[in-house]
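Below you'll find the structure, written out as structure tokens, and then a few comments.
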Amino acid sequence: MISNIITKGINGTPQIPGDKSISHRSVIIPSISNGICEINNILKSDDVLHTLNALKSLGVNIEESKNKIIIQGKGLNSLNKANGEIYLGNSGTSARLLTGLLSAQKFNSILTGDKSLSSRPMQRIADPLTKMNAKIYTTKGSLPLTIERSNLKAANFDLKIPSAQIKSGLLLAALNTKGITEITENKVTRDHTEIMLESFGANIEIKKIGNKKIIKIVGQKELVANNIDVPNDLSSSSFFIVSTLINKNSKIILKNINYNPTRNGIILALKKMGAKIKLINNRKNNNENICDIEVISSDLNGCELGPEYADLMIDEYPILSIAASFAKSPSIFRGLKELRVKESDRLKLILLNLQNCGVNCKSENDDLFIFPSKEYQIKNNLIQTDFDHRIAMAFCIMGTKLGPLNIKDSDSINTSFPSFKNEFNNLGGNIF
Ligand code: S3P
């Protein structure tokens, strides 16, 4: 895919797709509830379709129409053994959540994935589940992974790695396990699972003490189906937000965006840099915060962000780095260790591709330093993505200023935002 310079700015009201994290949960949780659940605006991207097909292969009846699905829940303990391996493509969220879910079922399962997913760490979910008596066999710590039927017991956890995927996998296992499981989180991670479980009637109690959070869940209480309207995805929005900020004569309005305080770091960071962003029509739906977002072209300053920002915006550093490259002063983003174990080593690819675009940047101890300049001399316009959708989309936005950039393996964008190119070109983008 080639992303080229734009001259007239970005303008309009793009259709941002449904939130990816909430969409995964909107398939899994209704599938193990009692009753029929209608889910609107679900994201139909490759990652979510892998979760959806996995649940179908486990015997759940899911009817699909355009961007709505209807799920007939089977209850906590009535999934069926899949006929063969369950293939999860590129999706880390599917892998970690389903490992938890399936370790508490009464049959064996095998999970597989593509090359990138098969190199990502799975021991981080297998180890705590093993403490619950789960029997999980990874391949050198990754997929393929076998889950053997086992009787789980409730346990207490003090989570050291900040990860909503690990927390959610444990919650899904605990749901079908007798007794009280207690999970202590020491850092903030996205809380979509807890929010949805509460609204489906789970016996869950949450206490917050500063950034620490203690979740108690009583297992084997059946869930009650609830309809869901999936809000639109702030992470997908961030590519449009930054392209508007760094291109002159631009203005966009994003509608119905999920503004969950455990995930809004990108907006806080951009505002700190002087971005003209207005949040309007704040409201709630299915207990998630929603708003519309107005963005106009802005002169950005650099900023220093501590590691606490990484907890609130881990997926947004690729696109934030593009914004920082067009700021008036340097930026430092600290504590980006988790970026190394995403769909790619994102810290490595941000540095490599920015440097190829002529941007002066470096990393030291997982901190990223960006020293912007007024003009850039491109050294190599082939952008290496290692099939990572967020690296591909971030450098498409870089292309609007420095193009043409040739984005390698850009099909990965389908994992989260299949309509990205069309929506972006409708606003005045130049991607082909
Ligand atoms: C996600 C959690 C995050 C995030 C990923 C989606 C989720 O991963 O990076 O894109 O839906 O729970 P970690 O939990 O590994 O930080």
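We count ligands from 1, going down the list as the structure has it; atoms in each ligand are counted the same way. FYI, the numbering just counts along the sequence from 1.
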Listed by chain and number, what are the salt bridge (Lys or Arg N to Asp or Glu O under 4.0 Å) partners of Asp158, not counting sequence neighbours?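 Scan of Asp158 (salt bridge (Lys or Arg N to Asp or Glu O under 4.0 Å), adjacent residues dropped) gives Lys160.
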Who passes salt bridge (Lys or Arg N to Asp or Glu O under 4.0 Å) against Lys56, sequence neighbours left out?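 Per chain and number, Lys56 pairs via salt bridge (Lys or Arg N to Asp or Glu O under 4.0 Å) with Glu64.
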Checking Arg120 now: which residues fulfil side-chain hydrogen bond (donor to acceptor under 3.5 Å, both in side chains) with it, not counting sequence neighbours?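 In terms of side-chain hydrogen bond (donor to acceptor under 3.5 Å, both in side chains), with neighbours along the sequence ignored, Arg120 is linked to no residue.
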Whether the Ser331 and Glu304 side chains hold a donor-acceptor pair (N or O, under 3.5 Å, no angle test) is what I'd like checked.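 No, Glu304 and Ser331 have no side-chain donor paired with an acceptor closer than 3.5 Å.
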Quick one: CG on Leu98 to OG on Ser109, what's the gap to the nearest 0.5 Å?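 One finds 9.0 Å between CG of Leu98 and OG of Ser109.
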SB check Arg390 Glu343 (cutoff 4.0 Å):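 No, Arg390 and Glu343 are not salt-bridged.
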Can you give me a line-by-line list of nitrogen or oxygen pairs between ligand 1 and the protein shorter than 3.5 Å?
unit_1   : atom_1 : unit_2 : atom_2 : d
ligand 1 : 8 (O)  : Gln165 : NE2    : 3.4
ligand 1 : 8 (O)  : Lys342 : NZ     : 3.1
ligand 1 : 9 (O)  : Asp315 : OD1    : 2.7
ligand 1 : 9 (O)  : Asp315 : OD2    : 3.3
ligand 1 : 9 (O)  : Lys342 : NZ     : 2.7
ligand 1 : 10 (O) : Asp315 : OD2    : 2.8
ligand 1 : 11 (O) : Ser21  : OG     : 2.7
ligand 1 : 11 (O) : Arg25  : NH1    : 2.9
ligand 1 : 12 (O) : Arg25  : NH2    : 2.7
ligand 1 : 14 (O) : Ser163 : OG     : 2.8
ligand 1 : 14 (O) : Ala164 : N      : 2.9
ligand 1 : 14 (O) : Gln165 : N      : 2.9
ligand 1 : 15 (O) : Ser163 : OG     : 3.4
ligand 1 : 15 (O) : Lys342 : NZ     : 3.3
ligand 1 : 16 (O) : Lys342 : NZ     : 3.0

